[in-house]
Each structure stands twice: as C-alpha cells, then as structure tokens.
Amino acid sequence: MTLYLFIVLVLMGTISGFLAGLLGIGGGMIMVPFLTYILSGQGAGDGLAVKMAIATSMAVIVFTSMSSVRAHHKRGAVRWDIVARLAPGIILGSLLGSIGVFSLLNGAYLAIFFGVFVAFSATQMLLNKKPAPSREMPGTAGQLVAGGAIGLISGLVGAGGGFISVPFMTWCNVAIHAAVATSAALGFPIAITNVAGYIVSGWSVHDLPAGSFGYLWLPAVGLIAIASVFTAPLGARVAHRLPVTALKRVFACLLFVLAAYMLWKGLTA
C-alpha cells in the first residue's frame, strides 16, 4: 500500500464517519464511488470493483453505526421502539439482497442501480417535502415490510439505509433529529447482516485482489473504520446544533456528481 492510498482511505473514513453522525447515513454513498475507482486500480475488473466497493462500504458501516448511535443514545434521541419493529424486516431483506440478488446481478447493473438510487435520494433531499400532519408510523406488519425494503435496497447499494429510513420516518412525522438518530441505530443490523452475506456469496469468487475476504477488501475496511469511529460522534454532536436541512442541500449536490460517475461506470462496463 502506497502512502497516497493510505492517506486517501483515512480521509474517506474521516468524512464518512462525520456524515454517519451528522445525517444518519453510513457514508456508503460517498465511499462506493471512490472505492470503485481505487479497486479498479488494484486490478479488479469494473464489475468486480463495484461489488467489492459496495461490500467494503457496508463493512465499514458496522463500525460507524456503533460509534454514531452511542453518541445519539446519550442524548436520548434514538426511538428504540421503531428500531425493534423495523429490525426483523431489515434482517430478512438484507439476507435476500446480499446472498441472493447481489450475487446474481452483474456489477455493471449494480453500478447503474446505485447511480439511479443516489440521484433519486439527492432529489428527495433537495425537495424536502413535508408530511401530512395526521400521518403516523405504520403498524407492526407495515414496519416489517418497510424494514425488508430498507434492508434489501441498502444491501444492493452498500449504504446504511439512512437515505431510505430517514425520509420514511420523517414522512411518518418522526422528528428529524430522532429519525437521524434512529437511522444510525438501524445501520448496525443492516450492516452486520449484509456483510455476512457478502462474505458467503463472494467466498468462491476468483481473481479477487490481495487482502480480500469474500467481497470485502480488508485494507480499506480497517483504515476507513479506524478513522470513522473518531469522527462519527463529532458529527452526531454537530447534528444537534446546525440546520441539517441546509447541510443536506449541499450534500445532495455532491451526490448528483457521484451518481453520474457510477452511471458512467455501469454504462461503459
């Protein structure tokens, strides 16, 4: 590993950890495009690089979610009742995505899906639509289905689910700071289940770069995770002080650029 690559991975961890705490996301939307580029330079083909970037990003979220949720929990912001109802569906959806759909899809199609999903998420962040005052979280069955969708989509894009769960909860009139904190808590079952699936589905894949464990690229997991656990609590503290809505607009503009890159990778693969 070169000094340049070491610095880039640490910087990615610093940024992704801060975003995990600030916006309730696992940083996957940032990490996947950059990791795709880095892994392509390590000898992985475009399709394989996308899959490994998604899996590696999700492995980092295991650590960032634990770090950020601890900070949010200290402030009493996590809705553990919502976590308990969404988690079973999240686990089922994550297993279906990481072991089933993820292993069957070509990496080029995953890149296109990632680009479309990120562009959609960025648009939703810019629109910032307000929910109907009477809307509430659905019942147990509804939250089971919602959790399944969150887990499945998260597994296909390598994200902690915040881009789905935060809009979903705020749409159901959960306060934005509580939604961000609860999304951070949901990131752990999403990440740990998907990572297990990525290891199983990638175990028999050939021509993986050195340092691979299934679809995970361990050098990136280690460096990004170490850096991110220090900045996730900082992001959580800032989230309770700054206008998160304004920050989301700035972040959405960056997401459009990253979405365009992944669409280009998928269409030219």
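A continuous path of hydrophobic side-chain contacts links F213 to I54 [ILVMFWY only; heavy atoms under 4.5 Å].
Between the S57 side chain and the A53 main chain, no donor and acceptor come within less than 3.5 Å of each other. A donor-acceptor pair is defined here as one N or O able to donate and one able to accept, closer than 3.5 Å; such a pair exists between the side chain of T231 and the backbone of T14. T182 places a side-chain N or O within 3.5 Å of a backbone atom of R79 that can act as its donor or acceptor partner. A distance-only check finds a donor-acceptor pair linking the side chain of T2 to the backbone of L5 [under 3.5 Å]. Judged by distance alone, with hydrogens and angles left aside, the side-chain atoms of T170 form a donor-acceptor pair with the main-chain N or O of V166 at under 3.5 Å.
Taking the side chain as every heavy atom from C-beta outward, L144 and T140 never approach each other to under 4.5 Å. The shortest side-chain heavy-atom distance between F168 and M137 falls under the 4.5 Å cut-off. No side-chain heavy atom of S98 sits under 4.5 Å from any side-chain heavy atom of M58. Considering only heavy atoms from C-beta on, I61 stays 4.5 Å or farther from N194 through its side chain. When side chains are defined from C-beta on, L186 does not count as touching V69, because their heavy atoms never get closer than 4.5 Å.
Open room surrounds OH on Y109; 12 or fewer heavy atoms of other groups in view lie less than 6.0 Å from it. More than 12 heavy atoms of other residues, nucleotides or ligands lie within 6.0 Å of CZ in F102, so this atom counts as buried by the packing criterion. Counting heavy atoms of neighbouring residues, nucleotides and ligands inside a 6.0 Å radius, atom CZ of F34 does not exceed 12 of them. Surrounding CZ of F230 are at most 12 heavy atoms belonging to other residues, nucleotides or ligands under 6.0 Å away.
With sequence neighbours excluded, no residue forms a salt bridge (Lys or Arg N to Asp or Glu O under 4.0 Å) with R70. Every residue was checked against the ring pair (Phe, Tyr, Trp, His ring centres under 6.0 Å) condition with F188, not counting sequence neighbours, and none meets it.
For the atom pair CG (L152) and OG (S94), the distance works out to 8.0 Å, reported to the nearest 0.5 Å.
Only one option out of V32, V50, T36 pairs with F114 in a side chain to side chain contact (heavy atoms under 4.5 Å, CB included); it is V32.
In this structure, Y215 has its ring center at least 6.0 angstrom away from the ring center of W203.
Nearest approach of V60 to A220, heavy atoms of both residues: CG2-O, 4.4 Å.
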